[in-house]
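What follows is a short report on a single structure.
Convention: sequence-line order gives letters A, B, ...; per-chain numbering from 1.
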Amino acid sequence: MNTESTADKMIYDREITLRLPGFLKNMTARQLLISVGTPFMGVLIFLFLWAVLAPQVVTSLGAVPGPKQVYSQFTNLVDEHNAEREKEVAFYERQEIRNTKKLAKNPDAKIKVRSYTGNPTFFDQILTSIITVLAGFIMASLIAIPIGIVAGLSKTVYAAINPLVQIFKPVSPLAWLPIVTMIVSATYVTSDPMFDKSFLNSAITVLLCCLWPTIISTAVGVTNVSKDLENVSQVLRLSWWTHVRKIVLPSAIPMIFTGLRLSFGIAWMVLIAAEMLSQNPGLGKFVWDEFQNGSSNSLGRIMVAVIVIGLIGFLLDRAMLLLQKKVSWDKSVALR
Amino acid sequence: MLKSHLEITGVNMDFPIPGGYYRALEEVNLRVKKGEFVSIIGHSGCGKSTVLNVVAGLYQATKGGIVLNGKEVTEPGPERAMVFQNHSLLPWLTAYENVELAVKTIFKGKKSKSEMKDWIEHNMKLVHMEHAMDKRPDEISGGMKQRVGIARALAMEPEVLLLDEPFGALDALTRAHLQDSVMEIQADLGNTIMMVTHDVDEAVLLSDRIVMMTNGPSATVGEILEVNLPRPRERLAVSEMPEYNHCRHEVLRFLYERHGKKDKKVSVATETKEKSVENTPDFDKAKEKNSIKKVVDFAQNKIEKVA
């Protein structure tokens with residue numbers, strides 16, 4: 001394959017010299033066409049089919065919107081967001097002016113500072129969802145990776161937790177949602193809450209679904225440490241901690257990341273569903289609200305949300321890949 | 001110095017298999033003097049590596065034991081450093097860091113940082129790897145990896161250096177280079193070395209004594225051959241000496257004779273097996289005669305995997 005591509009390169013280099021940025025520089029024209037052109041064509045065909053087929057399905061909220069309508073809804077959402085921000089700025093300005101006036105009249109006057117309580121816009125909801133999923137995912141990873149390592153190292157621990165993991169793994173985290181909600185509202189009672197209860201509910205639900213794949217993958221990764229390296233560790237009489245740090249963790253990193261990426265993917269899906277179900281702020285709530293709203297724009301706005309949810313899920317996975325590349329010792333492994 | 005530095009006394013090694021156990025080693029006895037180079041040679045699967053693993057402490061002998069400098073050996077330790085067949089370097093560390101891990105663990109509190117650095121570099125120089133200290137294992141050749149493996153073992157200042165078919169996976173030229181290196185190092189440091197090999201020439205060239213093992217199951221020491229070749233040995237000069245050819249001939253004769261008697265060995269093994277399967281109630285006696293061959297075959301596969 002190598003010789004072939006060099007041959008291609010020679011031919012194409014002579015014919016066309018393209019000035020291209022970064023990673024594209026070393027490609028021949030044909031490779032470029034395949035690597036950029038093919039996905040582009042795929043998207044184009046999808047958009048075409050969407051545009052043709054969507055208007056033919058008529059619902060009670062009007063025809064299913066095509067790409068054009070969805071795009072205009074997206075710009076609407078951006079405008080609404082900007083308008084809301086302007087309102088917020090104006091609110092604080094008014095408050096500032098009012099208070100300075102009050103103080104000028106009477107220096108001892110009590111001034112009230114209120115924070116703005118406008119509706120969260122689409123972009124606020126995106127941010128909420130991302131923060132929630134990250135919080136749940138990171139907490140779950142901090143719990144699951146150590147458990148996975150211990151389970152991988154000790155057959156006894158593995159035997160002890162395996163039935164629990166196997167039973168809880170297939171449970172939809174949404175089934176946990178009512179229990180989590182009840183427990184959080186019963187136990188998290190403070191006058192000055194650091195987190196919203198809704199945030200905790202969503203984050204803990206995400207946490208519950210992230211635990212299992214990470215525990216299993218980590219344990220498998222740890223049990224697969226090569227016998228030779230274990231022998232080395234024994235001959236050197238490495239302490240338990242050094243053994244874990246120097247031998248177990250680096251060997252298990254690829255499997256740990258497989259688990260983490262699985263978890264993250266599930267987490268993102270679960271979060272949206274949980275937000276829809278429990279009316280916790282976030283993208284899921286946005287979708288549900290639009291559905292309940294039932295205006296002629298609703299379907300378009302929901303579609304914007306669907307695309308955004310997909311894009312964010314994709315970007316989060318890419319971010320995990322980058323992290324894996326950074327942490328993993330073996331840079332030569334093709335990461336997908 | 002003590003007369004017998006390392007003693008292997010009456011070692012039996014059994015591995016559990018379904019419906020009984022598989023006896024890999026039976027009554028292995030060997031005494032090694034300080035500074036001696038002993039090779040263990042035998043057919044593949046005969047338990048050569050098992051002997052070495054028992055000495056290393058990676059396996060616990062079922063019966064008998066190992067005494068090093070008057071102390072019994074029950075677990076692995078750096079005084080019996082091992083060079084593994086497939087180098088066993090940590091792929092995520094550079095050559096230097098691989099040796100460093102060993103040095104840091106063993107000389108913690110005994111050497112200062114700069115002393116450790118000097119010691120690591122010294123050992124790298126011994127194996128002629130000072131030019132590639134910052135390379136990862138996947139960036140260097142098989143021979144170089146094995147050199148680093150040897151450097152790591154040497155850096156532990158072992159009483160006994162255990163080499164488990166260290167050059168088996170290398171091409172002939174690289175192997176010759178490494179054999180010369182090992183001879184050089186042994187001449188310098190006077191290490192006691194036990195090496196498992198299946199290469200007759202390698203055994204004759206490097207060893208003071210060659211231990212020839214009978215075929216498994218229930219393998220044991222068959223014959224021990226003294227190699228009275230003057231040191232330092234030079235590959236080409238030595239190969240023309242009558243003693244060299246004599247030793248070579250002796251080892252080959254042993255290996256071929258044993259190979260021919262393999263069937264007899266299996267029947268000896270079945271006797272051992274019968275004793276052990278009698279204790280297992282679920283063993284169908286009616287099928288015993290037919291299945292024994294299967295059990296032995298299974299066990300042989302198993303032991304090859306384990307070793």
Side-chain angles (χ1 to χ4, degrees), chain A residues 2 145 148-149 152-156 159 217-218 220-260 320-336, chain B residues 49 52-60 73-94 97-108 136-139 145-146 148-149 152-153 155-166 169 305-307:
Chain A
N2 250 340
I145 293 175
I149 289 174
L153 288 173
S154 153
K155 275 191 181 138
T156 324
S217 295
T218 308
V220 170
V222 170
T223 31
N224 284 348
V225 172
S226 104
K227 187 78 192 132
D228 291 323
L229 297 187
E230 267 174 17
N231 285 344
V232 170
S233 171
Q234 277 191 297
V235 169
L236 286 175
R237 289 215 190 110
L238 292 185
S239 66
W240 186 85
W241 179 234
T242 320
H243 174 68
V244 168
R245 244 174 358 115
K246 295 279 180 185
I247 294 186
V248 170
L249 263 182
S251 331
I253 279 244
M255 278 306 285
I256 293 178
F257 266 92
T258 307
L260 288 179
M320 284 298 290
L321 257 184
L322 282 181
L323 186 67
Q324 177 173 9
K325 263 190 193 159
K326 226 175 156 146
V327 175
S328 178
W329 53 273
D330 195 352
K331 313 282 181 204
S332 62
V333 169
L335 299 167
R336 283 158 201 283
Chain B
S49 293
L52 212 65
N53 281 326
V54 172
V55 175
L58 293 168
Y59 292 160
Q60 301 301 314
V73 163
T74 49
E75 53 171 10
E79 76 282 359
R80 282 158 286 126
M82 187 136 167
V83 176
F84 300 89
Q85 180 172 11
N86 42 1
H87 67 78
S88 296
L89 298 176
L90 310 191
W92 41 87
L93 299 181
T94 63
E97 287 165 338
N98 263 290
V99 181
E100 189 186 35
L101 178 67
V103 171
K104 269 192 171 166
T105 319
I106 290 152
F107 298 106
K108 201 177 175 186
R136 289 246 181 91
D138 55 359
E139 294 169 330
K145 280 182 231 181
Q146 206 49 279
V148 179
R152 178 173 62 184
M156 301 180 203
E157 280 193 326
E159 301 263 0
V160 184
L161 188 61
L162 305 172
L163 308 176
D164 187 1
E165 295 190 27
K305 264 184 214 160
V306 171

Problem - Side-chain heavy atoms of His87(B) within contact of Val148(B), under 4.5 Å - result: no
Fill in the blank from the handout: Honestly, the part of Ile253(A) sitting under 4.5 Å from a heavy atom of chain B is neither
Completion exercise
So, the part of Ala102(B) with a heavy atom under 4.5 Å from chain A: the answer is both
Practice task
Scan side-chain atoms only and decide if Ser233(A) and Glu230(A) contain a donor-acceptor pair under the 3.5 Å cut-off.
Solution key: no
Fill in the blank from the handout: Note: Val222(A) and Gly152(A) closest approach over all heavy atoms is CG1-C, 3.6 Å
Completion exercise
Closest heavy-atom pair, Met82(B) versus Ala56(B), reported as atoms and distance to 0.1 Å, is SD-CB, 3.7 Å
Completion exercise
Max heavy-atom pairs within cutoff under 4.5 Å with chain B, candidates Ile247(A), Val232(A), Thr242(A), goes to Val232(A)
Handout entry: Heavy-atom pair count under 4.5 Å with chain B, highest-scoring of Ser239(A), Pro250(A), Ser251(A)
Key = Pro250(A)
